[in-house]
2 protein chains.
Amino acid sequence: MTQSRSKYDSGCPVAYALDIFGDRWSLLVIRDMAVKGARTYGELLAGWEGISTNILAQRLKQLEQAGIVTKEKDPDSGRSFVYELTQKGRDLAPVLIEIALWSGRYNTAPDAMTGFLDKISADRPGTEARMRAGERP
Amino acid sequence: MTQSRSKYDSGCPVAYALDIFGDRWSLLVIRDMAVKGARTYGELLAGWEGISTNILAQRLKQLEQAGIVTKEKDPDSGRSFVYELTQKGRDLAPVLIEIALWSGRYNTAPDAMTGFLDKISADRPGTEARMRAGERP
DNA sequence: TTGAGCACTTGCAAAATGCAAGCAATCAGG
DNA sequence: CCTGATTGCTTGCATTTTGCAAGTGCTCAA
């Protein structure tokens, strides 16, 4: 579980985090698990933005190594695996919420809202709790 | 100033944000401006992580286009420019703070703290205000 | 006028990404 | 039991992005 220090890691906490999810896809995978309750490879692959399969596989490995997600065999299906957010992963909920709030203030595109923002403004603590639980919408 | 929709933008607020700063460097540039009060190209280039000059130039252009930073001639020096965070950029302070708090919980490296976390836990509203002001430490 | 500083740009190699196809292990239906 | 569909990937290859080094143009102080 001991992570080797990346060449970018300066000791700054922001850099530490970006080392783990500072790329195009990682946070979207975490969002799909936290906000949409995605649990399987297939569900993640079918996400809104269309991640390609090799990238998804690679990101899941990295996130597992970083202790953000766990991977277990589905007890009900021999060909499926179940991915779960760890505590470390669930604790990213406030980060996702702040990002979404910021976008809500500045994204003026007409179809920019997908319900997530409405949920946050209606009940932020409840939304955060539901994200941590990985509840399906 | 109207931004064309990226091929990744699904309408999700998280995706909108990642479209702007979902890469290795953009948030570090914003951090250098918000936390360290960096204002010039040279100061940003000398950041903790060692961004390369071509990437910095490209990111500054993108951030300017996205309305996160402004670029103006330094009134006191004909060869310098001054970059400033806009309101939109300063409003990323809560995102940076949540990221730093998360890292603080999970980065166990001995030299992981650079003072920023201590400031947040000593006085979060004050730290956020100082970030928005772009005050130098 | 000259040399140093600042803010970049350019060229090129290396790495990451995206797309399509392939593949192994289940499992459900006939 | 055989067969085809489903699931969770891996592989190959073209394209894009990144990283490093070197170079350029403008400014200013001596």
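Side chains are part of it too, since the values below use all heavy atoms of this structure and drop only hydrogens, waters and symmetry mates. These figures come from a predicted structure and were not determined experimentally. Within every chain, numbering begins at 1; the chains are lettered A, B, ... in the order of the sequence lines, protein sequences first and strands thereafter.
Of the residues in residues 74-83 of chain A, A:R79, A:S80, A:F81, A:Y83 come within less than 4.0 Å of DNA chain D through at least one heavy atom, sorted by number. Proximity of residues 30-43 of chain A to DNA chain D (heavy atom under 4.0 angstrom from any strand atom) is restricted to A:T40, A:Y41, A:G42.
Evaluation of the ring-ring contact (aromatic ring centres under 6.0 Å, His included) rule for A:Y83 yields no partner, not counting sequence neighbours. The salt bridge (Lys or Arg N to Asp or Glu O under 4.0 Å) check on B:D74 picks up nothing, with sequence neighbours excluded. By the ring-ring contact (aromatic ring centres under 6.0 Å, His included) test, A:Y41 pairs with no residue at all, sequence neighbours left out. Listed by chain and number, the residues in a ring-ring contact (aromatic ring centres under 6.0 Å, His included) with A:Y106 are A:W102 (sequence neighbours excluded). Scored by the salt bridge (Lys or Arg N to Asp or Glu O under 4.0 Å) test, A:D123 finds A:R130 as partners (sequence neighbours excluded). Judged as a salt bridge (Lys or Arg N to Asp or Glu O under 4.0 Å), and not counting sequence neighbours, A:R90 has no contacts. A:D23 meets the salt bridge (Lys or Arg N to Asp or Glu O under 4.0 Å) test with A:R59; sequence neighbours excluded.
Salt-bridge formation is detected for the pair A:E43/A:R136: a Lys NZ or Arg NE/NH1/NH2 atom is positioned less than 4.0 Å from an Asp or Glu carboxylate oxygen.
OP1 or OP2 of C:dG18 lies within a sub-4.0 Å distance of a side-chain N or O belonging to A:W25. Contact between the side-chain N/O atoms of B:Q58 and the OP1/OP2 oxygens of C:dT9 is not found at any separation under 4.0 Å.
Using a 4.0 Å heavy-atom criterion, one finds that B:D23 contacts no nucleic acid atom at all.
Which of C:dT17, C:dA21, D:dC20 sits closest to the side chain of A:T53 comes down to C:dA21.
Mapping B:K71 and A:I51 onto DNA chain C by nearest heavy atom places B:K71 at the nucleotide closer to the 5' end.
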